[in-house]
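When reading the values below, keep in mind they use all heavy atoms of this one structure, side chains included, and skip hydrogens, waters and symmetry mates.
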Amino acid sequence: WIAFLLLLLNYTCATFCYRLIGDPSAGFSAEARRPFATLPLAMFTLVQIMTLEGWTEMAAPFVPGKGSDPDLGVIAFFVAYIMTTHFTILNLCVAAIVE
C-alpha cells in the first residue's frame with residue numbers, strides 16, 4: 001500500500017508541478033520549466049528529487065541569486081515534498097523490517 005500511496009502522491013505532485021511550473025505562461029525561465037515540461041517528465045523529475053539524485057540542479061533556478069526572483073511557494077513545495085516522501089520511504093523500510 002505504501003508504494004501505491006507513494007505513486008499516487010508522485011502523480012498528484014507531478015500534475016501540480018506540470019501545471020504550475022511547466023506552463024509557459026507561469027513566468028518561470030526555460031531552464032526551470034524544462035524538467036516539468038510534460039507529465040511523465042515531471043513524474044520522473046519528482047522521483048529524482050525524492051531519491052535526492054540531482055535535486056540541487058532541479059531546485060537551483062528557484063533559489064535567490066540564480067538570475068530570477070525566488071519563488072517561496074515552489075521552494076516550500078519542494079521542501080514539503082522531500083519531507084513527505086522520505087517519511088513515507090522510512091515507513092516502508094520499517095514495515096519491511098518489522099514484517
Hphob cluster co-occupancy, Met43 + Leu41, side-chain heavy atoms under 4.5 angstrom = no
The reported gap from SG in Cys17 to CG in Leu39 (rounded to nearest 0.5 angstrom) is 10.0 Å
Please name the pair of heavy atoms, one in Phe78 and one in Ile49, separated by the smallest distance, quoted to 0.1 Å.
-> CE2-CD1, 3.5 Å
If you group Ile, Leu, Val, Met, Phe, Trp and Tyr by side-chain heavy-atom gaps below 4.5 Å, do Ile75 and Ile82 land in one group?
-> yes
Specify the closest pair of heavy atoms between Phe77 and Cys13, including all atoms of both residues, with the distance to one decimal.
-> CZ-CB, 3.7 Å
Which heavy atom of Ala37 sits nearest a heavy atom of Tyr18, and at what distance?
-> O-CE1, 3.0 Å
Is a side-chain N or O of Tyr81 found less than 3.5 angstrom from the main chain of Leu46, in a donor-acceptor match?
-> yes
Thr85 and its side chain to side chain contact (heavy atoms under 4.5 Å, CB included) partner, picked from Leu90, Leu9, Leu52, Asn10 = Leu9
Option passing side chain to side chain contact (heavy atoms under 4.5 Å, CB included) with Met50 (candidates Ile89, Thr84, Thr88) = Ile89
Non-hydrogen atoms of Ile21 and Arg33 that approach each other most closely | O-CG, 3.0 Å
